[in-house]
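None of the values given here were measured: they were computed from a predicted structure. Side chains are part of it too, since the values below use all heavy atoms of this structure and drop only hydrogens, waters and symmetry mates.
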Amino acid sequence: MLDRIQSRIEENEEETLITVKNVRVFAVFICVFAVLVSLFFGAAKEVALGAFLGGAAAQLVFRQHEIAIGKSLFSGSSKNASIITVINFILRLVIRIVVLVVAIKNPDVSFVGAALGLLSISYSICLMAFLDNLVRKKTGKEV
């Protein structure tokens, strides 16, 4: 995998591994990995439902964050931008809280799976940054 990433970076020096599409794909892989690990502990159904719920909410929050950044950048004034930023932050926070409350209240949904699903975007960005840094060190190009 690293060789394929390395050859892709060598073709285009300006290209980076961290793109929105790659973040979403890695986040799905992290949720699938959480479900596969849960098979060993016997709670695969609950963790799978939790990871699906959390992962779907994470994708929704990530997309909403993209839209909010675009709105705040092109709003025209800094006062409008700060209001838009705060309102959208509160909206994203409420979405996360609702997902966790549903996971707590519903016995068929694992809280741990939902939390891992919600964190999948953050973990995928960190993992991709690590891989990007690793490939750039291997190729000798500066980050």
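I90 is listed as a side-chain neighbour of V86, based on a closest heavy-atom distance under 4.5 Å. Between L116 and Y123 there is a side-chain heavy-atom pair separated by less than 4.5 Å. By the 4.5 Å heavy-atom criterion applied to side chains, V112 and V47 are not counted as neighbours. In this structure, the side chains of E46 and V109 stay at 4.5 Å or more apart for every pair of heavy atoms. Using a 4.5 Å cut-off on side-chain heavy atoms (C-beta onward), V94 and F89 make no contact.
Within the structure, salt bridge (charged side-chain N to carboxylate O under 4.0 Å, His left out) contacts touching residues 49-69 (residues at least two apart or in different chains) are R24-E66, R63-E66.
Rounding to the nearest 0.5 Å places CG of L134 at 10.5 Å from CG of L127. Remark: L53 CG to S110 OG distance equals 10.5 Å, nearest 0.5 Å. To the nearest 0.5 Å, atoms CZ (F62) and OG (S120) are separated by 10.0 Å.
Note on I125 and I30: separate hydrophobic clusters, where clusters join Ile, Leu, Val, Met, Phe, Trp and Tyr whose side-chain heavy atoms are under 4.5 Å apart, directly or indirectly. Both L49 and L100 are members of a single hydrophobic cluster when ILVMFWY side chains are connected at heavy-atom separations under 4.5 Å. Under the 4.5 Å side-chain heavy-atom criterion for grouping Ile, Leu, Val, Met, Phe, Trp and Tyr, V98 is connected to I104 within one hydrophobic cluster. When the side chains of ILVMFWY residues are joined at heavy-atom separations under 4.5 Å, either directly or via intervening members, V102 and F52 end up in two distinct hydrophobic clusters.
The two atoms that bring D108 and N106 nearest to each other are N-OD1, 3.0 Å, heavy atoms only. Here the shortest heavy-atom pairing between S124 and F26 reads CB-CB, 3.4 Å. Between A58 and L118, the shortest heavy-atom distance links the atoms CB-O, 3.8 Å. Looking at every heavy atom in both residues, V99 comes nearest to G54 through CG1-CA, 4.2 Å.
Listed by chain and number, the residues in a side-chain hydrogen bond (donor to acceptor under 3.5 Å, both in side chains) with R92 are Q64, H65 (sequence neighbours excluded).
Taking Ile, Leu, Val, Met, Phe, Trp and Tyr as members and joining any whose side-chain heavy atoms lie under 4.5 Å apart, directly or through other members, the hydrophobic cluster of V61 also contains L60, L91, I95.
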